[in-house]
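Per chain, numbering begins at 1; letters A, B, ... match sequence-line order.
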Amino acid sequence: AQSVTQLDSHVSVSEGTPVLLRCNYSSSYSPSLFWYVQHPNKGLQLLLKYTSAATLVKGINGFEAEFKKSETSFHLTKPSAHMSDAAEYFCVVIFTGNQFYFGTGTSLTVIP
Amino acid sequence: GAVVSQHPSRVICKSGTSVKIECRSLDFQATTMFWYRQFPKQSLMLMATSNEGSKATYEQGVEKDKFLINHASLTLSTLTVTSAHPEDSSFYICSAIRGDLHEQYFGPGTRLTVT
């Protein structure tokens with residue numbers, strides 16, 4: 001079965017420290033993977049996407065993610081958290097059949 | 001480029017009335033748009049796929065007679081919540097596809113409150 005799992009529903013970091021938001025998927029095929037960010041009462045903004053090119057993907061606002069096929073993971077990282085990074089983050093996957101699968105989301109809190 | 005707007009951003013209506021939410025792709029044509037519903041602190045739930053010029057495809061468990069979707073043009077899809085009830089209160093988000101599914105752009109959402 002195809003699925004997307006965001007391992008942490010909530011992550012809290014101090015400002016200036018690294019951010020790690022985890023995403024794993026379950027599939028026999030290599031999917032397309034996305035990370036979106038949602039600020040309160042806003043729509044979703046694309047941070048970055050992996051579509052079978054370079055496995056290390058750089059996105060906006062200093063975020064990046066690495067596709068690891070052997071681990072079926074696509075974790076999102078940022079070297080230094082900023083207060084403005086506080087938001088909800090969604091890992092989204094397209095498997096074969098052109099269906100979107102949303103992770104359950106990770107709420108990031110940045111402590112000043 | 002690739003901007004999607006929604007109108008209204010917030011709406012409050014009385015139970016039993018109908019509410020229409022518009023989703024527009026401002027600078028591109030979208031043959032496919034999606035409608036999602038999001039409950040507080042939860043992920044997005046796909047409600048339906050809206051295709052220009054044809055009937056919408058609803059996800060299992062979504063009442064098509066209650067959530068009417070019309071995709072009248074390549075830049076506009078509307079979601080009408082008919083006979084709204086308090087349990088329909090939610091955050092509704094649309095998205096539009098430019099090209100293929102890898103180019104999905106989300107609207108800012110509409111907060112619906114039914115009193």
Spacing of Q38(A) atom CD and F91(B) atom CZ [to the nearest 0.5 Å]: 6.0 Å
Using side-chain heavy atoms (C-beta onward) and a distance below 4.5 Å, is Q104(B) in contact with L46(A)? no
Straight-line distance of E103(B) CD to K49(A) NZ, nearest 0.5 Å: 4.0 Å
Transitively linked via ILVMFWY side-chain contacts under 4.5 Å: V110(A) with I60(A)? yes
Tell me if the NZ atom of K66(B) is crowded by more than 12 foreign heavy atoms within 6.0 Å. yes
Just verifying a value: how many Å separate S43(B) OG and Q6(A) CD, rounded to the nearest 0.5 Å? 7.5 Å
Greater than 12 external heavy atoms within 6.0 Å of H85(B)'s NE2: yes
Cluster overlap W35(B) with L68(B), hydrophobic side-chain contacts below 4.5 Å: no
Please check if F90(A) and F34(A) belong to a single hydrophobic cluster, counting links between Ile, Leu, Val, Met, Phe, Trp and Tyr side chain heavy atoms closer than 4.5 Å. yes
Flag yes if Y89(A) and L7(A) sit in one hydrophobic cluster, no otherwise; membership is Ile, Leu, Val, Met, Phe, Trp, Tyr, and two members link when side-chain heavy atoms are under 4.5 Å apart. no
Counting heavy-atom pairs under 4.5 Å with chain A, which one of Q38(B), R10(B), Q6(B) comes out on top? Q38(B)
State the OG-OH distance between S95(B) and Y36(A), to the nearest 0.5 angstrom. 7.5 Å
For a side chain to side chain contact (heavy atoms under 4.5 Å, CB included) check, start with the C-alpha distance between L44(B) and L44(A), then their side-chain angles and the critical distance, and finish with the verdict. CA-CA 10 Å; L44(B) 278 67; L44(A) 275 68; 3.8 Å; yes
